[in-house]
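All values reported here derive from a predicted model rather than from experimental measurement.
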Amino acid sequence: MASAYANLTMVALEEDLVYVSHHFTHVLGWWRYIDDVLLLWTGTLSELTDFHDFLNTIDNDIKFTLTYSKKEIQFLDVLIRNVDNNLVTEVFVKPTDRNNILCYDSFHPRRMVESLPLSQLLRVRRIISEDVQLTPTLDSMVQKFEQRGYPRKLMRKLSDRVSGLARTDLLSKSNASNPTPKRIPFITSFCEESRDIVAIIKRHWSILEKLDECYDYLDA
């Protein structure tokens, strides 16, 4: 719930104070993810610092930090660089980054484990704007997965598949409808017995489906 409350707070702050400020006339673009903001500024450096000072007067409990550059800037997992007045994007990796990818032999649901490589390779394809950077970045991601036990053959197959996809297609919004699945979620902590628990629930699902009838009998 913390992220939801943070979003609600930031939306109210933006609509009531930020967007209507005279400082905002210098903002060419404003993108926010929860409490991280990326903006394109058309004013002077002095005007940018004035805007920053203004933001920090809005609420005593909300303070903004400022990082700016005319050459490159990092936002979440994206590194944005100014190359000949064109913005190019690359995958940003912290210098202290550790390989915490889910191990292939994890007891997490197999669907989660098996879908992770493709989702991460697709993320790389969406972020990389220059094709010359695509292959080395995909290779780096493949290596991380192989270090966590993922089959080399599988990773190479997925990498080849992703490298052949058009970035513009991946960035376009899908018009396909995604209806909410009719299912009852069973939430528990992952452990060595997780797969056995799933098997037991599936095996006795017919009993669980009759619970409503049992409640009706008890209410009577």
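Linking ILVMFWY side-chain heavy atoms closer than 4.5 Å, directly or via other members, places Val93 and Leu79 in two distinct hydrophobic clusters. Hydrophobic clustering places Leu45 together with Phe54 (ILVMFWY residues linked when any side-chain heavy atoms are closer than 4.5 Å, directly or through intermediates). Taking hydrophobic clusters as Ile, Leu, Val, Met, Phe, Trp and Tyr residues chained together by side-chain heavy-atom distances below 4.5 Å, Leu38 shares a cluster with Leu40. Transitive grouping of hydrophobic side chains (ILVMFWY, heavy atoms separated by less than 4.5 Å) brings Met141 and Leu170 into a common cluster. Neither Ile200 nor Trp205 shares a network with the other; the hydrophobic side chains, linked directly or stepwise wherever heavy atoms of I, L, V, M, F, W or Y lie under 4.5 Å apart, form separate groups for each.
Side chain of Arg148 to main chain of Leu102: no donor-acceptor pair is present (N/O by atom type, distance under 3.5 Å, no hydrogens or angles). A side-chain donor-acceptor contact under 3.5 Å links Ser163 to the backbone of Ser159. No side-chain donor-acceptor contact under 3.5 Å links Ser21 to the backbone of Leu17.
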With side chain to side chain contact (heavy atoms under 4.5 Å, CB included) as the criterion, how do Leu165 and Leu122 come out once you've worked through the C-alpha distance, each side chain's angles and the decisive distance to 0.1 Å?
CA-CA 9 Å; Leu165 298 176; Leu122 288 173; 3.6 Å; yes

Chi angles and distances behind the side chain to side chain contact (heavy atoms under 4.5 Å, CB included) call for Thr67, Phe75:
CA-CA 10 Å; Thr67 302; Phe75 181 65; over 6 Å; no

Show, in sequence, the C-alpha distance, side-chain angles and deciding distance for Tyr150 and Val142, and conclude whether the side chain to side chain contact (heavy atoms under 4.5 Å, CB included) test is met.
CA-CA 9 Å; Tyr150 288 75; Val142 165; over 6 Å; no

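Other residues, nucleotides and ligands contribute only 12 or fewer heavy atoms inside 6.0 Å of the NZ atom of Lys94. No more than 12 heavy atoms of other residues, nucleotides or ligands lie within 6.0 Å of CG in Asn60, so this atom counts as exposed by the packing criterion.
Interatomic distance, CD1 of Ile197 versus NZ of Lys202, reported as 13.0 Å (0.5 Å rounding). Separation of atoms CG (Asn56) and CD1 (Ile58) is listed at 8.5 Å; rounding is to 0.5 Å. Between the CG atom in Leu121 and the CG atom in Leu116 there is a gap of 9.0 Å [rounded to 0.5 Å]. Here the OG atom belonging to Ser3 is positioned 13.5 Å from the CE atom belonging to Met10, to the nearest 0.5 angstrom. The CG atom of Leu87 sits 11.5 Å away from atom CD1 of Ile73, with the distance rounded to the nearest 0.5 Å. Interatomic distance, Ile201 CD1 to Asp196 CG, rounded to the nearest 0.5 Å: 11.0 Å.
Evaluation of the ring pair (Phe, Tyr, Trp, His ring centres under 6.0 Å) rule for Phe64 yields no partner, not counting sequence neighbours. For Arg126, there are no salt bridge (Lys or Arg N to Asp or Glu O under 4.0 Å) partners, not counting sequence neighbours. Remark: Tyr19 engages Glu14, Glu15, Phe24, Trp30 in a side-chain contact (heavy atoms from CB on, under 4.5 Å) (not counting sequence neighbours). His26 pairs by the ring pair (Phe, Tyr, Trp, His ring centres under 6.0 Å) definition with Trp41, not counting sequence neighbours.
The shortest side-chain heavy-atom distance between Val78 and Val91 does not fall under the 4.5 Å cut-off. Side-chain contact between Val18 and Leu13 is present, with at least one heavy-atom pair separated by less than 4.5 Å. Residues Val113 and Arg110 meet the side-chain proximity criterion, which asks for heavy atoms closer than 4.5 Å. Taking the side chain as every heavy atom from C-beta outward, Phe51 and Leu39 approach each other to under 4.5 Å. Counting heavy atoms from C-beta on, the side chains of Lys71 and Asn82 never come closer than 4.5 Å. With contacts defined as side-chain heavy-atom distances shorter than 4.5 Å, the pair Leu154/Phe145 does not qualify. For the pair Tyr104/Pro151, a side-chain contact is recorded, criterion being any heavy-atom separation below 4.5 Å from C-beta on. Leu48 is listed as a side-chain neighbour of Tyr68, based on a closest heavy-atom distance under 4.5 Å.
At a cut-off of 3.5 Å, with distance as the only test, a side-chain donor of Asn7 or Arg32 sits close to an acceptor on the other residue. No side-chain donor from either of Ser69 and Glu72 sits under 3.5 Å from a side-chain acceptor of the other.
The two residues Leu76 and Phe92 have their closest heavy-atom pair at O-CD2, 3.8 Å. Across all their heavy atoms, Gly43 and Glu47 have their closest contact at CA-OE1, 3.3 Å. Taking both residues in full, the closest heavy atoms of Lys144 and Asp97 are given as NZ-OD2, 3.3 Å, listed atom of the first, atom of the second, then distance.
Annotation: salt bridge (Lys or Arg N to Asp or Glu O under 4.0 Å) contacts involving residues 77-90, sequence neighbours excluded, comprise Asp77-Arg123, Arg81-Glu90.
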Below 3.5 Å, can you tabulate the donor-acceptor pairs from side chains in residues 127-135 to any protein atom, sequence neighbours excluded?
unit_1, atom_1, unit_2, atom_2, d
Ser129, OG, Thr89, N, 2.8
Ser129, OG, Thr89, O, 3.4
Asp131, OD1, Arg125, NH2, 3.3

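Using a cut-off of 4.0 Å between Lys/Arg side-chain N and Asp/Glu carboxylate O, Asp139 and Arg156 are scored as salt-bridged.
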